[in-house]
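Have a look at the structure below before the remarks.
One-based numbering along the sequence shown.
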Amino acid sequence: QAQLVESGGGLVQPGGSLRLSCAFSRFTSDHYTIGWFRQAPGKEREGVSCISFSDDDTYYADFVKGRFTISRDNAKKMVYLQMNSLKPEDTATYYCAGAPGDCRYFSAHYYSALGSWGQGTQVTVSS
């Protein structure tokens, strides 16, 4: 089973930046995606961004477009989420998850059913 480990969370002031990292291993197929999700207290888990490993396809939720950038390093088996212009409403636990397919299937429901998840990393945006 695939394994994923997040790192890079922390406390940052509004307008600041953080880069989250996701180390992954044990994917048995080249046709898979890795996505970032987040969950704030009392809220449902929501998809943030997705990147495909079979092509260069990416997806961003509307609430992060223009602020967050997802990237991958195949050789290092890493996926990154660069988060700029952070807002207090970005405060959440961020998870990376991997699943077969492509970013058209990017949803918490799909990844929960078919994917593997990391343990999460806390991001707090506060002054």
Side-chain angles (χ1 to χ4, degrees):
Q1 187 174 358
Q3 293 185 333
L4 303 100
V5 179
E6 305 94 336
S7 61
L11 173 64
V12 63
Q13 292 186 342
S17 298
L18 279 176
R19 189 178 79 157
L20 304 183
S21 299
C22 174
F24 63 91
S25 62
R26 301 185 184 178
F27 281 96
T28 58
S29 169
D30 291 333
H31 190 59
Y32 63 94
T33 60
I34 289 182
W36 286 96
F37 296 81
R38 70 186 188 185
Q39 188 167 21
K43 295 188 176 181
E44 292 188 354
R45 190 168 297 188
E46 59 184 0
V48 175
S49 183
C50 170
I51 190 164
S52 171
F53 276 73
S54 59
D55 54 34
D56 290 330
D57 188 34
T58 58
Y59 164 86
Y60 295 94
D62 287 343
F63 51 80
V64 301
K65 281 183 180 177
R67 300 189 299 126
F68 292 10
T69 303
I70 193 169
S71 62
R72 57 182 167 88
D73 185 327
N74 292 11
K76 295 182 179 180
K77 295 190 180 297
M78 297 289 293
V79 170
Y80 305 100
L81 186 68
Q82 178 66 44
M83 306 187 296
N84 299 328
S85 302
L86 283 162
K87 306 174 182 180
E89 51 263 44
D90 293 318
T91 295
T93 300
Y94 284 71
Y95 301 87
C96 69
D102 56 47
C103 289
R104 291 176 297 173
Y105 306 109
F106 183 58
S107 72
H109 176 76
Y110 179 82
Y111 275 61
S112 294
L114 298 178
S116 300
W117 292 77
Q119 81 288 350
T121 186
Q122 178 66 36
V123 172
T124 303
V125 184
S126 175
S127 54

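- H109 NE2 to L114 CG: the interatomic distance, rounded to the nearest 0.5 Å, is 8.5 Å.
- I34 and F106 fall into different hydrophobic clusters, defined by Ile, Leu, Val, Met, Phe, Trp and Tyr side-chain heavy atoms under 4.5 Å apart, directly or through other members.
- In this structure a side-chain-to-backbone donor-acceptor pair under 3.5 Å is present from Y60 to I70.
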Just list the side-chain donor-acceptor pairs under 3.5 Å for residues 76-86, sequence neighbours left out, or say none.
unit_1 : atom_1 : unit_2 : atom_2 : d
Q82    : NE2    : N84    : OD1    : 2.9
N84    : OD1    : S17    : OG     : 2.9

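- Screening E46, E89, E44 for a salt bridge (Lys or Arg N to Asp or Glu O under 4.0 Å) with R38, the sole residue that qualifies is E46.
- Judged by distance alone, the side chain of E6 and the main-chain N or O of C96 form a donor-acceptor pair under 3.5 Å.
- For the residue pair V5 and Q119, the shortest heavy atom distance occurs at CA-OE1, 3.8 Å.
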Point to revise | Y111 vs T33, side-chain hydrogen bond (donor to acceptor under 3.5 Å, both in side chains): CA-CA, chis, key distance, verdict | key: CA-CA 10 Å; Y111 275 61; T33 60; 2.4 Å; yes
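- Here the straight-line distance linking atom CZ of F53 with atom CG of D102 works out to 13.5 Å at 0.5 Å rounding.
- Note: Y95 and F37 fail the aromatic proximity criterion, with ring centroids not under 6.0 Å apart.
- Y110 approaches P100 most closely through the heavy-atom pair OH-O, 2.7 Å.
- Follow the hydrophobic side-chain contacts under 4.5 Å out from V48 and you never reach Y105; the two are in separate clusters.
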Practice item. Report the C-alpha separation of S49 and T58 in whole Å, then their side-chain angles, then the decisive distance to 0.1 Å, and conclude whether the side chain to side chain contact (heavy atoms under 4.5 Å, CB included) test is met. Key: CA-CA 7 Å; S49 183; T58 58; 5.6 Å; no
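- Between L20 atom CG and F68 atom CZ the span is 8.0 Å, to the nearest 0.5 Å.
- Residues K43 and Q39 come closest through the heavy atom pair O-NE2, 3.1 Å.
- Side-chain N or O atoms of T91 include one that pairs as donor or acceptor with a backbone N or O of V125 at under 3.5 Å.
- Nearest heavy atoms, A92 versus A40: CB-N, 3.9 Å.
- In this view, D55 and S52, D57 satisfy the side chain to side chain contact (heavy atoms under 4.5 Å, CB included) rule, not counting sequence neighbours.
- Note that the CG atom of D90 and the CZ atom of F63 stand 8.5 Å from one another [nearest 0.5 Å].
- Between S127 and P14, the closest heavy-atom pair is N-CD, 3.7 Å.
- Taking a cutoff of 4.0 Å between a charged side-chain nitrogen and a carboxylate oxygen, D62 and K65 qualify as a salt bridge.
- Tracing side-chain contacts under 4.5 Å through hydrophobic residues (I, L, V, M, F, W, Y), one never reaches W36 starting from W117; they form parts of separate clusters.
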